[in-house]
Q: 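Can you read through this structure? Questions will come right after.
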Amino acid sequence: MFGIPGKQAVTITPAAAAQIQRLMARDGTQGLRIGIKKGGCAGMEYTMDYVSEINPHDEIVEQDGARVLIAPMAQMFLFGTEIDYETSLLEAGFKFRNPNVADACGCGESIKFKDAAELAAEQATSRG
């Protein structure tokens, strides 16, 4: 929907691909849908849900047996994002390195995006 021909909407690190593939196999799902919703102290939050049925409007990114689906309303905000899976002594989870984020809260759970005009201008510049 907001993509650049020949370029995936998001990239998935090998660690994230392995974790998504494990989750898909364990739960028998079609993939992991990523979206955004209003909430948190910075204004927006990422959502992640197991997918049993693929929405024809989702953007689909497949890599190394992992399938990520991007909800239609989130595509513009997630374009260019790298999805990683990190494990530390205290926690493990998916991390998003998103060039469209203008600000994030201290705990990293909520984000604020650049405004739509700024996003559109950046995406137009990267096309040409």
Side-chain angles (χ1 to χ4, degrees):
M1 189 174 211
F2 290 96
I4 296 173
K7 185 174 181 184
Q8 291 190 25
V10 299
T11 57
I12 306 167
T13 66
Q19 180 65 14
I20 293 166
Q21 186 179 24
R22 279 192 292 273
L23 293 171
M24 288 172 61
R26 182 190 74 190
D27 297 326
T29 63
Q30 295 291 315
L32 192 63
R33 179 176 290 121
I34 299 171
I36 55 169
K37 68 176 185 175
K38 290 185 179 185
C41 53
M44 302 293 280
E45 298 175 319
Y46 294 110
T47 63
M48 297 181 82
D49 298 297
Y50 295 114
V51 176
S52 58
E53 192 172 308
I54 296 175
N55 178 333
H57 299 291
D58 285 342
E59 178 76 22
I60 301 172
V61 176
E62 293 182 290
Q63 180 180 318
D64 301 327
R67 183 179 299 123
V68 171
L69 300 102
I70 305 171
M73 295 304 292
Q75 291 173 12
M76 180 174 78
F77 298 103
L78 296 176
F79 191 81
T81 298
E82 178 187 69
I83 302 168
D84 194 8
Y85 188 80
E86 297 178 354
T87 304
S88 72
L89 290 173
L90 297 176
E91 65 182 2
F94 289 100
K95 303 293 181 188
F96 296 85
R97 292 181 190 91
N98 188 337
N100 306 310
V101 169
D103 196 15
C105 67
C107 66
E109 293 294 320
S110 71
I111 50 180
K112 179 181 176 188
F113 290 103
K114 298 173 183 174
D115 66 40
E118 189 175 358
L119 286 174
E122 285 180 6
Q123 288 178 4
T125 302
S126 67
R127 289 183 191 149

Q: Using side chain to side chain contact (heavy atoms under 4.5 Å, CB included), reason through Ile54 and Leu69 one step at a time and then give a plain yes or no.
A: CA-CA 8 Å; Ile54 296 175; Leu69 300 102; 3.5 Å; yes

Q: Nearest 0.5 angstrom please: Leu78 CG to Ile83 CD1, how far?
A: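 If I round to the nearest 0.5 Å, the distance is 7.5 Å.
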
Q: Hey, what do you get for CD (Glu62) to CZ (Arg67), rounding to the nearest 0.5 Å?
A: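 Between atom CD of Glu62 and atom CZ of Arg67 there are 4.5 Å.
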
Q: Side chain to side chain contact (heavy atoms under 4.5 Å, CB included), that's the test. Do Ile34 and Phe96 meet it? Break it down for me.
A: CA-CA 11 Å; Ile34 299 171; Phe96 296 85; 3.9 Å; yes

Q: Any non-hydrogen side-chain atom of Thr29 less than 4.5 Å from a side-chain atom of Leu23?
A: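 Thr29 vs Leu23: side chains apart.
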
Q: Output yes when a side-chain donor or acceptor of Arg33 lies under 3.5 Å from a complementary backbone atom of Asp49, and no otherwise.
A: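 No, Arg33 side chain to Asp49 backbone: no donor-acceptor pair under 3.5 Å.
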
Q: Testing the basics here: between Ala92 and Tyr85, what is the closest heavy-atom pair and its distance to 0.1 Å?
A: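 Ala92 and Tyr85 have their closest heavy atoms at CB-OH, 3.6 Å.
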
Q: With hydrophobic residues grouped by side-chain heavy-atom distances under 4.5 Å, do Met24 and Ile60 end up in a single group?
A: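 No, it is not one cluster - the side chains of Met24 and Ile60 are not joined through contacts under 4.5 Å.
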
Q: Could you grab the distance from atom CG of Asn98 to atom OH of Tyr46, nearest 0.5 Å is fine?
A: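 With rounding to 0.5 Å, CG (Asn98) is 3.5 Å from OH (Tyr46).
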
Q: Would you say Met73 and Ile36 make side-chain contact, with heavy atoms under 4.5 Å?
A: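 Heavy-atom side-chain distance check fails, nothing below 4.5 Å.
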
Q: Does Asn55 reach the main-chain N or O of His57 with its side chain, forming a donor-acceptor pair under 3.5 Å?
A: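 Yes, because the side chain of Asn55 sits within donor-acceptor range (under 3.5 Å) of the backbone of His57.
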
Q: Where do Ala66 and Gln21 come nearest, in terms of heavy atoms and distance?
A: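 Looking at all heavy atoms of both residues, the shortest contact is CB-N, 4.2 Å.
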
Q: Locate the shortest heavy-atom distance separating Gln30 from Ser52; write the atom from each residue and the value.
A: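 Looks like CG-O, 3.4 Å.
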
Q: Output, in order, the C-alpha distance, side-chain angles, deciding distance and verdict of side-chain hydrogen bond (donor to acceptor under 3.5 Å, both in side chains) for Arg26 and Tyr50.
A: CA-CA 11 Å; Arg26 182 190 74 190; Tyr50 295 114; 3.0 Å; yes

Q: Just to verify, what does Ala25 make a side chain to side chain contact (heavy atoms under 4.5 Å, CB included) with, not counting sequence neighbours?
A: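 So Ala25 forms no side chain to side chain contact (heavy atoms under 4.5 Å, CB included) with any residue.
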
Q: Can a salt bridge be assigned to the pair Glu86 and Arg97 using a cut-off of 4.0 Å between side-chain N and carboxylate O?
A: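 Between Arg97 and Glu86 there is a salt bridge, with a charged N closer than 4.0 Å to a carboxylate O.
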
Q: Over all heavy atoms of both residues, which pair between Pro99 and Phe79 is shortest? Give the atoms and the distance, please.
A: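 Looks like CG-O, 4.1 Å.
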
Q: Do you know which two heavy atoms are closest between Asp58 and Pro72, and how far apart they sit?
A: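 The answer is OD1-CD, 3.4 Å.
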
Q: Among Thr13, Ile20, Ile12, find the residue that satisfies the side chain to side chain contact (heavy atoms under 4.5 Å, CB included) test when tested with Phe94.
A: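 Answer to the side chain to side chain contact (heavy atoms under 4.5 Å, CB included) test with Phe94 among Thr13, Ile20, Ile12: Ile20.
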
Q: Apply side chain to side chain contact (heavy atoms under 4.5 Å, CB included) to the pair Ile70 and Val10, showing each step before the final yes or no.
A: CA-CA 9 Å; Ile70 305 171; Val10 299; 3.6 Å; yes

